[in-house]
2 protein chains.
Amino acid sequence: MGYRCCMAVDREQVLRSAAALLTRKSTATMDEVARAAGISRATLHRHFAGRDALVRALEELGIAECEAALEAARPDDGPAAGAVRRLVRAIEPSAALLAFLYTENQLFEGEEQNAGWARIDARLTDLFRRGQESGEFRIDLTPAWLTEALYGLLGAGAWAVAEGRVARNDFNHMIVELLLGGALRRE
Amino acid sequence: MGYRCCMAVDREQVLRSAAALLTRKSTATMDEVARAAGISRATLHRHFAGRDALVRALEELGIAECEAALEAARPDDGPAAGAVRRLVRAIEPSAALLAFLYTENQLFEGEEQNAGWARIDARLTDLFRRGQESGEFRIDLTPAWLTEALYGLLGAGAWAVAEGRVARNDFNHMIVELLLGGALRRE
DNA sequence: CCCATATGAGACACCTTTGTCTCAGGCAGG
DNA sequence: CCTGCCTGAGACAAAGGTGTCTCATATGGG
């Protein structure tokens, strides 16, 4: 049977280019996705049963990247602020994909969402809660809100970079410093 | 001719209910919009030539609300931090509509966007720049980024409230405190 | 060389949404 | 009461996207 290694590789490449396109134009057609991947619509359909399956696969990719970033950031090590800095740095390459999935998830109103998000949310919430309990973070901003805010800032940052309103090199600094330090000057 | 006062009123009501629906389900059909407004699709089409026209009208509404909020917040008066607090408070009722338009604008890739946004962006940017020049705000976060971040936090806040992850009463505090003060405790 | 497999191109029907139209009913003002 | 206007309901075609199919082709392994 034709279960070759290149199948997976091709699928991965298609997924990457689909992510790159859909993060820029979330309403792109299956035809556009195929064209962007350099394959025909028929082959795209052979990899992903339909548009839904493609989005689901992108969701799995996004979840995997998030969990890898969480893994790499060691959120339980050292000061919570440092963990947040490591996390944002690790998650930066996935920010655009995350922003796409974030808005896409709002459309899956009825259906239950992938359990992976709950795991990631829980780990992020735990990190912010740890920061509160260690006295680093203020306690009037709930961990759930800080998690949401992180998503929102990642999306806004990705969008601002794509629009050229923020330099790509400043992405980390802008997000981390605003999230941790806010706009006000410290005395 | 039939240019009665109630024409405008009805259109306004339709617009409001369309905003309420589309902010929850951005892919709602013209039929769903009409049904939500309690009118028929034919009458909806008599008010708005098409879906595009409806979204444009919502955009005008959002811009008008933003400018009204800016007006009410007196962004040039007193400390910049206070102006930001007043602004977020004034703009809170429009946050969901803003979030809808924010993502919707990403689809109008080719076309030029409404000039109103540029005006609003300029005023927000001016406010943040004023805060920097007065020494209140840090200078390593650019005014353009603070503007984008405000949009992002408003959207994330509206979404978090809609999902029940943040209490509606905390909306202001969560957004303003994170934007101005950040997550870290002040000494 | 031969064959299997994957691919590209295209045709096709189907569905959803949209925009337009017509027609009948209701309501208010004259 | 009559008339004009607005409205709702429904029909209709057109457009766009999707999913499925067929067929010819090329490419690589045996």
Side-chain angles (χ1 to χ4, degrees), chain A residues 1-59 100-101 103-111, chain B residues 1-59 100-101 103-111:
Chain A
M1 309 297 289
Y3 296 146
R4 262 179 260 352
C5 64
C6 56
M7 280 280 295
V9 170
D10 271 3
R11 195 186 134 107
E12 193 70 15
Q13 289 172 343
V14 171
L15 211 50
R16 294 289 171 180
S17 79
L21 174 59
L22 286 172
T23 54
R24 279 184 296 115
K25 186 182 174 189
S26 60
T27 59
T29 315
M30 290 294 274
D31 199 81
E32 294 176 284
V33 172
R35 211 170 294 271
I39 62 179
S40 71
R41 198 161 64 95
T43 303
L44 178 58
H45 267 276
R46 285 178 193 115
H47 282 304
F48 306 98
R51 193 172 218 285
D52 264 21
L54 175 61
V55 174
R56 299 307 169 107
L58 283 172
E59 195 173 27
F100 164 72
L101 295 172
T103 62
E104 198 75 5
N105 262 347
Q106 302 182 189
L107 308 183
F108 292 165
E109 219 170 331
E111 306 129 66
Chain B
M1 307 298 287
Y3 296 147
R4 260 176 266 344
C5 64
C6 57
M7 280 279 295
V9 170
D10 273 359
R11 195 186 134 107
E12 192 70 15
Q13 289 171 345
V14 171
L15 211 50
R16 295 288 172 181
S17 78
L21 174 60
L22 286 172
T23 54
R24 280 184 294 112
K25 185 183 177 188
S26 60
T27 59
T29 317
M30 289 295 273
D31 198 82
E32 296 176 281
V33 172
R35 211 170 294 271
I39 61 178
S40 72
R41 199 160 64 94
T43 302
L44 178 59
H45 266 276
R46 285 178 193 118
H47 283 303
F48 304 98
R51 191 172 221 284
D52 265 20
L54 176 61
V55 174
R56 299 306 169 107
L58 284 171
E59 196 174 26
F100 165 71
L101 295 172
T103 62
E104 199 74 6
N105 261 347
Q106 303 182 186
L107 308 182
F108 292 164
E109 220 171 331
E111 307 130 66

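Naming convention: chains lettered A, B, ... in sequence-line order (proteins, then strands); numbering from 1 in each chain. Quick note: numbers below take in every heavy atom, side chains included, and nothing from hydrogens, waters or symmetry partners.
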Exercise. Determine whether B/Gln106 and A/Thr103 make a side-chain contact, defined as any pair of heavy atoms from C-beta on separated by less than 4.5 Å.
Key: no
Practice problem: Check B/Leu58 against B/Phe100 and note the closest heavy-atom contact, atom names and distance. | Solution: CD1-CE2, 4.0 Å
Practice problem: Nearest whole angstrom, please: distance from the C1' of D/dT20 to the CZ of A/Phe48. | Solution: 18 Å
Self-check item: Nucleic acid contacts - residues 26-36 of chain A versus DNA chain D, non-hydrogen atoms under 4.0 Å
Solution: A/Thr29, A/Met30
Self-check item: Whole-Å distance separating the CZ atom of B/Arg51 from the P atom of C/dG19
Solution: 9 Å
Quiz item: Which atoms form the tightest heavy-atom contact between B/Leu101 and B/Val55, and what is the distance?
Solution: CD2-O, 4.4 Å
Quiz item: Got B/Phe48 and B/Arg11 here, is their nearest side-chain heavy-atom distance under 4.5 Å?
Solution: yes
Exercise. State whether the number of non-hydrogen atoms from other residues, nucleotides or ligands found under 6.0 Å of A/Arg35 atom CZ is greater than 12.
Key: no
Quiz item: Roughly how far, to the nearest 0.5 Å, is OG of A/Ser17 from CD1 of A/Ile39?
Solution: 7.0 Å
Quiz item: What residues in residues 37-46 of chain B put a non-hydrogen atom under 4.0 Å from any atom of DNA chain D?
Solution: B/Gly38, B/Ile39, B/Ser40, B/Arg41, B/Ala42, B/Thr43, B/Arg46
Quiz prompt | Atom pair distance, as rounded to whole Å: CG in B/Leu22 and C1' in C/dT17 | solution = 14 Å
Quiz item: Is any side-chain heavy atom of B/Glu104 less than 4.5 Å from a side-chain heavy atom of B/Glu59?
Solution: no
Quiz item: So, do A/Leu54 and A/Met30 sit near enough that their side-chain heavy atoms are less than 4.5 Å apart?
Solution: yes
Exercise. Would you kindly give the CG-to-P distance between A/Leu54 and D/dG19, to the nearest whole Å?
Key: 10 Å
